[in-house]
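Worksheet: one structure, shown below.
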Amino acid sequence: MDDLALIASELVTNAVLHVPAAPWVRMGLELTLKGVRRYWRLAVTDPGGAPTIPMPRTPELSEQCGRGLWVVDSITHGCWGTELTNAGERVVWAVIPPGCG
């Protein structure tokens, strides 16, 4: 649960910081069962409109931010992504424990 809380914090923070004047951010959590495996899928949705697609970047050593998606990528072993809804909303999702495929 600590990993889920950290991922939620990172994704919501990104939505708030990078979407110009976002009036809302929505988060959902879904437990999925595949045979004997189970995993959580966390999704954060915002109104869209950010100038870039969310992806890890390499911050300068002196920067105090810019590492959130690296944290998400590390915890999920790369099992996260982003998509647009038909309404143009941005969804960033992560799966834990890694359950892609």
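Quantities reported herein were computed from a predicted structural model and do not represent experimental measurements.
Using modelled atom types, no side-chain atom of S9 and backbone atom of A5 make a donor-acceptor pair closer than 3.5 Å.
Separating the CZ atom in R41 from the CH2 atom in W80 is a distance of 13.0 Å, to the nearest 0.5 Å. The distance from atom CG of L4 to atom CH2 of W40, rounded to the nearest 0.5 Å, is 7.5 Å. Rounding to the nearest 0.5 angstrom, the gap separating the NZ atom in K34 from the OH atom in Y39 is 4.0 Å. Annotation: the span from N14 atom CG to L69 atom CG amounts to 5.0 Å, rounded to 0.5 Å.
Between G48 and V19, the shortest heavy-atom distance links the atoms O-CG1, 3.3 Å. Residues W24 and T45 share a closest heavy-atom pair of CZ3-O, 3.5 Å.
Side chains of T82 and R90: a donor-acceptor N/O pair is present below 3.5 angstrom, by distance only.
Linking Ile, Leu, Val, Met, Phe, Trp and Tyr whenever their side-chain heavy atoms come within less than 4.5 Å leaves M27 and L84 in two separate clusters. In the hydrophobic clustering of this structure, L17 does not group with V71; members are Ile, Leu, Val, Met, Phe, Trp, Tyr whose side-chain heavy atoms approach within less than 4.5 Å, directly or through other members. With hydrophobic clusters built from ILVMFWY side chains whose heavy atoms lie under 4.5 angstrom apart, L11 does not share a cluster with V91.
With sequence neighbours excluded, no residue forms a side chain to side chain donor-acceptor pair (under 3.5 Å) with S74. With sequence neighbours left out, the salt bridge (Lys or Arg N to Asp or Glu O under 4.0 Å) criterion links R26 to E89.
Residue L29 places its CG atom among more than 12 non-hydrogen atoms of other residues, nucleotides or ligands, all under 6.0 Å distant.
The shortest distance between side-chain heavy atoms of R38 and L31 falls below 4.5 Å.
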| field | side-chain contact (heavy atoms from CB on, under 4.5 Å) between D3 and I75, worked out | value | CA-CA 7 Å; D3 287 343; I75 292 170; 3.8 Å; yes

